[in-house]
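Comments concern the structure below.
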Amino acid sequence: MLRLGDRIAKFMGLATVGWATTGSQQSGTITDARFTQYAGCQPFAIVISGGFDTRGGAVRLSISGNDLTWSYPLSYAAAYTRGDASFIYGIF
């Protein structure tokens, strides 16, 4: 049973990043106007698979305004491969 004050998550998308899907790209941005479309809603992004590499670096996700930015903390060595990660994002 839902009450008037309950919040329900609205999933808006799924993305996969990392060496297999973005090559050597270390960061990127997803812009979605729905992050700020509804007053009082909070955006979120959650890694659902992968995201770690053998050196312990994980994909980092941050949301500011309508932009969801993903990045990997380690940027040295041309041979460094970024672990694939899939994440979902939305609002609640």
Side-chain angles (χ1 to χ4, degrees):
M1 181 182 311
L2 295 174
R3 296 179 302 228
L4 189 57
D6 290 343
R7 288 186 169 213
I8 300 174
K10 178 177 182 178
F11 297 98
M12 300 186 319
L14 166 73
T16 301
V17 298
W19 195 266
T21 56
T22 60
S24 62
Q25 188 175 354
Q26 183 176 333
S27 63
T29 301
I30 297 170
T31 301
D32 195 319
R34 295 175 293 178
F35 283 138
T36 58
Q37 182 177 6
Y38 305 103
C41 288
Q42 298 293 318
F44 69 88
I46 302 168
V47 175
I48 57 172
S49 69
F52 292 94
D53 67 15
T54 57
R55 297 179 186 161
V59 67
R60 293 182 183 170
L61 304 171
S62 65
I63 300 172
S64 178
N66 289 329
D67 296 328
L68 182 158
T69 303
W70 59 268
S71 63
Y72 285 88
L74 303 175
S75 61
Y76 56 88
Y80 171 67
T81 59
R82 291 161 184 86
D84 293 331
S86 294
F87 58 89
I88 57 173
Y89 60 93
I91 57 175
F92 66 91

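Applying the side-chain contact (heavy atoms from CB on, under 4.5 Å) rule to Ile88 yields the partners Phe11, Leu14, Ile46, Ile48; only residues at least two apart in sequence or on another chain are considered. For Ser27, the side-chain hydrogen bond (donor to acceptor under 3.5 Å, both in side chains) criterion is met by no residue, not counting sequence neighbours.
Residues Asp84 and Val17 form no side-chain contact, since every pair of their non-hydrogen atoms from C-beta on lies 4.5 Å or further apart.
The shortest heavy-atom contact between Pro43 and Ile91 is CA-CG2, 4.0 Å.
Annotation: salt bridge (Lys or Arg N to Asp or Glu O under 4.0 Å) contacts involving residues 13-29, sequence neighbours excluded, are absent. For residues 14-30, there are no salt bridge (Lys or Arg N to Asp or Glu O under 4.0 Å) pairs, not counting sequence neighbours.
The backbone N or O of Phe92 lies less than 3.5 Å from no partner atom in the side chain of Gln42, so there is not a single donor-acceptor pair.
Ring geometry, Tyr89 versus Phe87: the interplanar angle falls from 30° to 60°, so the pair is classed tilted.
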Atom pairs and distances, donor-acceptor, side-chain atoms in residues 28-39, under 3.5 Å, two or more places apart:
| residue | atom | partner | partner atom | Å |
| --- | --- | --- | --- | --- |
| Thr31 | OG1 | Asp67 | OD1 | 2.7 |
| Asp32 | OD1 | Arg34 | N | 2.9 |
| Asp32 | OD1 | Arg34 | NE | 3.0 |
| Asp32 | OD2 | Arg34 | NE | 3.4 |
| Asp32 | OD2 | Arg34 | NH2 | 2.8 |
| Arg34 | NH2 | Met12 | O | 3.2 |
| Thr36 | OG1 | Asn66 | OD1 | 2.6 |

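Phe44 and Val59 are members of different hydrophobic clusters when ILVMFWY side chains are connected at heavy-atom separations under 4.5 Å.
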Criterion side-chain hydrogen bond (donor to acceptor under 3.5 Å, both in side chains) on Thr16 and Ser86, from CA distance to verdict: CA-CA 4 Å; Thr16 301; Ser86 294; 2.9 Å; yes
